[in-house]
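Data first, discussion second: the structure below is written as structure tokens.
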Amino acid sequence: MPDPPIVTRFAPSPTGHLHIGGARSALFCWAFAAGLKNLGLDGRFMIRIEDTDQARSSDESARGILEDLAWLGIEWDDGPELRLGSGRTVGGDSRGVGPYFQARRVATYNAYAEDLIRRGRAYPAFETSEELEARRKAAVAAKRTYRFERPGDLVAGEFPRGRWERAVKGERHVVRFLSPREEVVVPDRVLGDVRIAPGELDDFVIRKADGFPTYHFAVVIDDELMGVTHVMRAQEHLANTPRHVAMQKALARLDTGAPFRTPEYAHMPLIFNMDGTKMSKRDKAKAARKAAKDATTKGATPASLAGACGLEEGPVAGFLAAEHDRLDVAEALARHLKVTLPEIEVWDFRRNGYLPEVITNFIALLGWSSGLKDGQGKDVEKFDMRFLAEHFSIERIGRTNARFDRAKLLAFNADAIKGMEDGAFASRWWSWLGEHEPEAASTVRRAFGDDPPASPRLVMLGRALKPRARTLREALAAARFALVGDDAYDFDQAAVAKHLQGEGGRGLDLVRQVRERLAGLGDGEFTPDQVHAIAEQLAQQSGAGMGAVSQAVRVAVTGAGVSPGIGETLAVLGKASTLARLDRCLRACVV
RNA sequence: GGCCCCAUCGUCUAGUCCGGUCCAGGACGCCAGGUUCUCAUCCUGGAAACAGGGGUUCGAAUCCCCUUGGGGUCACCA
């Protein structure tokens, strides 16, 4: 018989998008399993959806989370099936331990709860939420630590017959676990043994009044039944783990009678914002509110903002007053005020033009490092998924919380973009545009043909964009000059005055001369090098200098003083557009 | 507040397990130069950390203790 598989799992609750911290947890679990596969072992990465909160869970969220994972390249062996764009399917239940949605496993949890009750390790409890809340308040008022106090009629190991009968008759109740009275030890591969003194654990709820298991209970049952051997998750779960260990010691499998095993635990450090606060989607609302408030000090009103955003005044006013954090309002305000909301969820990064391989690389560095140095003794910190799988180990997970440094992420993303082949960049940018900026995509199609990445001019544009864009979205901003119609761009008056009209219109004169020389170039000769050579020639012959010529032409064809190199700028536009723009400038900017 | 976890440049970290090669290395950011037709890119250089105090030791960033600081968690949410 082959060795049983080594199984890691990521178990998100489908109540929103995939958080960047969740992505890191998933990544480490994936890397561990993938590393075992490299060694020829049966390592498996599993996904389970923890949807026991009926009110907050949704199928759309579950699907979104799976798609974001797949986009990052974090693919699972076991779990819900997802069909990729390529037609390939990830997930599935080849081990036969599903279903992977906890809401579909309620019967199993109930069977285990009943077994626990019959063996005197759990009991129905009838206190109402209100009662409990009152007790909690009283404890806080008396400055006592609140713990649920075990009713006096219970004896560990004895079936609570009276309570059971009340419960069976339909009396509303929860089921509580009868916590052990001895020390609980959580063996953790990152932190070492964590010991909890006797009496620290109270009798916590394992089944809610609605019949659904609590998180703690479902996790313990599922991890055992699904063969999970390694639980790697964020440190925020550490304090819960003693409960899990305590339950594992009390539970036995209904099918084989074997006691539950305690998996290997590895709790990883948390990820925070640069200011030390938790990274939360609320940050987006905060940022939008701040921008909106700045705008109101400059004269905007809730009504004017609402109008500009196409929203009702009520929600906007409420948002400004921090009565709610509606994301749609935050995003509309951000769009209008041209501020970028902080990226918190994978989807945010994706939409803003970060590369998946950069994100996985960067988050892998938060709480883990390979410890390897390159030939010059520098830390190896740029790597791909393959490297991660090969070098990941639990031993090298750190213990200290990390802050999410957006500047460094941006730098990594910028480097990755710079390092792309021209053609690769063009096609990735194009597909990003199609997905996230459809309007710009159709403009690109108009300007560069039906298959833009195949257009030499678009590839040329891409080459010019790469060093100027840290994200695919920034590339769009840098490309605007080429996407606007030949007669549709505005002239920056200051730039016109300085570079065209100044010194008695010398700039305009240079534009005229450039236009003449450019007109002599054949279509096939309209390359960055040829165009640049012409500009340089004129710069020399006229004695004006390259700066004067370039800036004059630049302002003439783009309206502003900033664009890629002058040769590239004109070549990307092409001969016809360049001449049309030059002519337009000559008409529009005469003194 | 109880319980638990953590502690190297502003940030991510190497070095800590197996004290000496560390007056602590790298990356991002920052500062100063340089290249350049603008903006970027690129190149060179620089400032920048072992939280504090006690031990142990010939010797401590590395081991022990205390203090301080940070964080997590205390739900019929996961």
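Here is the naming used below: chain letters follow the sequence lines, and residue numbers restart at 1 for every chain. No experiment lies behind these values; they were computed from the predicted model shown.
- A sub-4.0 Å separation between OP1 or OP2 of B:rA78 and a side-chain N or O of A:K208 is present.
- Among the protein residues, A:V174 comes within range of the nucleic acid bases, having at least one heavy atom under 4.0 Å from a base atom.
- If you check distances only, the side chain of A:D379 does reach the base of B:rG25 with a donor-acceptor pair under 3.5 Å.
- Look at A:T52 and you'll find a side-chain N or O under 4.0 angstrom from OP1 or OP2 of B:rA78.
- Between the CZ atom of A:R399 and the P atom of B:rA14 there is a distance of 9 Å, rounded to whole Å.
- Between the C1' atoms of B:rA51 and B:rU68, the separation comes to 8 Å (whole Å).
- Proximity of A:R396 to the phosphate of B:rA14: a side-chain N or O atom is located under 4.0 Å from OP1 or OP2.
- With both pairing distances under 3.5 Å, B:rU21 is matched to nothing as a Watson-Crick or G-U wobble pair.
- Applying the 4.0 Å criterion to OP1 and OP2 of B:rC76, one finds that A:R176 has a side-chain N or O inside that range.
- Pairing for B:rG2 is with B:rU73, a Watson-Crick or G-U wobble pair whose two hydrogen-bonding atom distances lie under 3.5 Å.
- Spacing between B:rA24 and B:rC9 at atom C1', rounded to whole Å, works out to 10 Å.
- B:rA27 is paired with B:rU11 under the criterion used here, namely a Watson-Crick or G-U wobble arrangement in which both key atom distances are under 3.5 Å.
- Residue A:R136 has a polar side-chain atom (N or O) positioned under 4.0 Å from OP1 or OP2 of B:rA75.
- On a pure distance criterion of 3.5 Å, no polar donor-acceptor pair joins the side chain of A:R207 and the base of B:rC76.
- Straight-line distance between the P atoms of B:rC28 and B:rC6: roughly 31 Å, to the nearest whole Å.
- Phosphate proximity of B:rA14 to A:S369: present, with a side-chain N or O under 4.0 Å from OP1 or OP2.
- Not a single donor-acceptor contact under 3.5 angstrom links the side-chain atoms of A:R403 to the base of B:rU11.
- In this entry B:rU56 has no Watson-Crick or G-U wobble partner, no candidate having both defining distances under 3.5 Å.
- Base-pair partner of B:rU38: not found among the strands shown (Watson-Crick or G-U wobble, both distances under 3.5 Å).
- Under 3.5 Å, the side chain of A:K378 and the base of B:rA27 form no donor-acceptor pair of N or O atoms.
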